[in-house]
Amino acid sequence: MSTSRTDAHKVFADLYRKTRSPEHQQKIDEVIQKSNDIFIRIDLMKKVDEEFEQKKKEESGKRPEEEDKSSKSSQGSATSSKTAPKPVKKQPDSGPGLGFLANLFGGNANITKFAKDTGTVEVGFLGRNSKIAPSVERLFKALKEDQIISTLQALRLAESQGWRHWRPLVYNVVLNFNKFFNNFISLDSLFIDEISPEIFLNRSLKMQMYYARHLSRNDARDIILGHVPELVKKDEKLSVKLPSIISGLNYGLNLENGRPKLTDAIRAFYVVSNKKVIGWEEILDSLNVPPINETKFQGSPDITKEVETTLIKLSDDILTRMNKKEELHGLRQRYFKIDDNGKISFDFLNGVVDDYFAHHMPENMNSAAFKSSYKGMPHKLIHILLRDFQSCYTPILEGTVKIGTKNHNRDVLVTQPGLFKAEIEEINNLLRQLDAFNKKYPSFQYTFSNFNQNTSGGSVEDQITVNLLRLLSEASAFMGKFAEKINVLVENHLLAKDYEAKGQLNERVLASKEKVLEEVKVLHRFLPYYDSTMVSGNRLNSKTLEYVFVDMAQLLFNYAVIYKDKFTVNKLTAHRKLDAELSALKAEYERLSGKTFDDPQNRFASSEEQ
């Protein structure tokens, strides 16, 4: 029974290490949890394999042998075209004196010394009839079944998910160790029967190559133990097996620290086969293994495809944010006066208030004291700003405009009637509410200091203030949306001018220079009559229509900021968030690609004001 159960563990290990699809392997992992009995586990695994094999045949119509051949032929490029190592160069035996009798009777003193130093070879009488020592077999059979299974699961997780977290070098080092470990543990079955060294060397060729590549990195141990356990901790099912996984990893990583060393064990097979001592460097020369790639993921085709797809998405995300940042930079530069400390200047208000007082207020109120008083109270100032906008700008948006000079002018239509009907009605509505409020509470004292405090999270209990804050919030949100709408027309116009400068315009876009605005949507078209000057009785007299539309958007954006429209304020400070996102996305791109992101258009990317 003891021998039978020992054989059963070998059968189980061979069955478990079969190459399977992720779905197939997951099913195997599930069924072996149903029982601790080794024989029942084997039966369950065979049953799952039979079911998947039958399903595979039904789907593809291929015979199992064909599927197996197809699978083998598509395995990675690690073995290249090698089927056996190159013949190693003959190493001369040491000179006379050492093992003279052994040499005299056909033995080899160097082999005897190698056997004594490494413990991997047993030599017969006078150094003849060398054979592999039992210590070599024990090296391949030391790991327990549970250690093997849990370590394989951890390395399989690393192969499928590691690329999402690691640089190519880390992933490739772990992947190479995964391939080495799989091949190493599969060789224990060769020792069930006594085989020739030649068979072992042929069957272990992949293991030798992966191990040679593994040893070529002095940092491989630190990389594997520094990354694989951390990845395992993120997996709910595998994390409970961490102690067993670490012991399995440590065993594979310490194969050069014990007696015998794995390199000496491999050399032993060459020694017995060639009847002379072979150095590890000679074996490396015969294997001719390329180094681990440090810049490109070397996973399966599915993994490399996922990496490529992820890089494409990252590129799109980076360019999208760079475009957004460039757009916001243009908006900040065009419509706001921002100092070196990131503070917005609202000096322009003086000109607006002066113009309004000059045209709409009694002469006895046209003083610096009155103006200062109005500018210091939110409900008084917004009334002036909306009245000014209504008198200066809404005529341009709802009817004909005089362009030319005072003596030579003509009426033109800039926007189609009704295009801004909703905005004009909202201005009228807000002014009615403000008129009503100011008439009802003519002596109400409320400063911008109060407003800033109330809109920064302070509690408000006074009902008059609550009503005013609601009205000011409604007005600020309206002005922010209105500014966005005007800005679309300005952006379209600037885009058309840019295309014209590059000679890339068609006749339809050129014709828009005198075509009425019929809709507000993103496209390249000119503002009608944009280079013509206006004839009017207010401060817009002699200003071009291009200036008027930019000025309109500038005023509305600034008003929205003064009255703390959240959407507009967030837009002005969005560059900070975009910078952080771009930094993270570019770092991820660099991790996956091994190179910095190269902006194909070399667009604006410098830091904004903080």
Query - Candidate pair Tyr270 and Phe200, rule ring pair (Phe, Tyr, Trp, His ring centres under 6.0 Å), full reasoning - result: CA-CA 10 Å; Tyr270 282 96; Phe200 180 89; 9.4 Å; no
**Report entry** Nearest atoms (heavy-atom pairs only) where Leu155 meets Leu249
**Finding:** CD2-CD2, 4.1 Å
Query raised in the report: Are Trp280 and Ile266 close enough that some pair of their side-chain heavy atoms sits under 4.5 Å apart?
Result: yes
Query raised in the report: Between His24 and Asp49, is any side-chain donor less than 3.5 angstrom from a side-chain acceptor?
Result: yes
Query raised in the report: With a 4.5 Å limit on heavy-atom distance, are the side chains of Lys296 and Thr304 in contact?
Result: no
Query raised in the report: Rounded to the nearest 0.5 Å, how far apart are CG of Leu201 and CE of Met207?
Result: 9.0 Å
Query raised in the report: Please walk me through it: do Tyr251 and Phe184 pass side chain to side chain contact (heavy atoms under 4.5 Å, CB included)?
Result: CA-CA 11 Å; Tyr251 184 81; Phe184 173 79; 4.0 Å; yes
Requested in this report: Look at the aromatic rings of Phe597 and Tyr589 and report parallel, tilted or perpendicular, splitting at 30° and 60°.
Outcome: perpendicular
**Report entry** Between Gln153 and Arg156: side-chain donor-acceptor atoms closer than 3.5 Å
**Finding:** no
Query raised in the report: Does a side-chain N-to-carboxylate-O contact under 4.0 Å join Asp43 and Lys47?
Result: no
Query raised in the report: Is it true that Lys46 and Glu51 make a salt bridge, defined as a side-chain N closer than 4.0 Å to a carboxylate O?
Result: no
Report task. Go through Glu588 and Lys313 one step at a time and tell me if the salt bridge (charged side-chain N to carboxylate O under 4.0 Å, His left out) criterion holds. Result -> CA-CA 11 Å; Glu588 181 69 353; Lys313 186 179 184 305; over 6 Å; no
Query raised in the report: Where do Leu287 and Ala212 come nearest, in terms of heavy atoms and distance?
Result: CD1-CB, 4.2 Å
Query raised in the report: So Lys241 and Asp146, salt bridge (charged side-chain N to carboxylate O under 4.0 Å, His left out) or not? Walk me through it.
Result: CA-CA 9 Å; Lys241 301 180 181 181; Asp146 287 343; over 6 Å; no
Query raised in the report: For Asn176 and Asn172, does a side-chain donor sit closer than 3.5 Å to a side-chain acceptor?
Result: no
Requested in this report: Taking the side chain as every heavy atom from C-beta outward, state whether Leu225 and Asn250 have any pair of such atoms under 4.5 Å apart.
Outcome: yes
**Report entry** Arg334 vs Leu494 side-chain heavy atoms within contact, under 4.5 Å
**Finding:** yes
Report task. For Glu198, check salt bridge (Lys or Arg N to Asp or Glu O under 4.0 Å) against everything at least two apart and list the hits. Result -> none
Report task. Give the ring-plane orientation class for Tyr16 versus Phe12, where under 30° counts as parallel, over 60° as perpendicular and anything between as tilted. Result -> parallel
Report task. Please lay out, stage by stage, how Arg576 and Glu581 fare under the test salt bridge (charged side-chain N to carboxylate O under 4.0 Å, His left out). Result -> CA-CA 9 Å; Arg576 296 168 188 166; Glu581 290 176 349; over 6 Å; no
Query raised in the report: Would you say the side-chain atoms of Ser244 and Gln147 include a donor-acceptor pair closer than 3.5 Å?
Result: no
Requested in this report: Indicate the ring-plane relationship of His214 and Phe180, choosing parallel, tilted or perpendicular according to the 30° and 60° boundaries.
Outcome: parallel
Report task. Can you tell me which residue pairs pass the salt bridge (Lys or Arg N to Asp or Glu O under 4.0 Å) test with a partner in residues 214-230, sequence neighbours excluded? Result -> Arg217-Asp219, Arg217-Glu294, Glu230-Lys233
Query raised in the report: Going by atom types alone, do Glu256 and Thr263 pair a side-chain donor with an acceptor below 3.5 Å?
Result: yes
Query - Parallel, tilted or perpendicular: ring planes of Phe269 versus Phe191, cut at 30 and 60 degrees - result: tilted
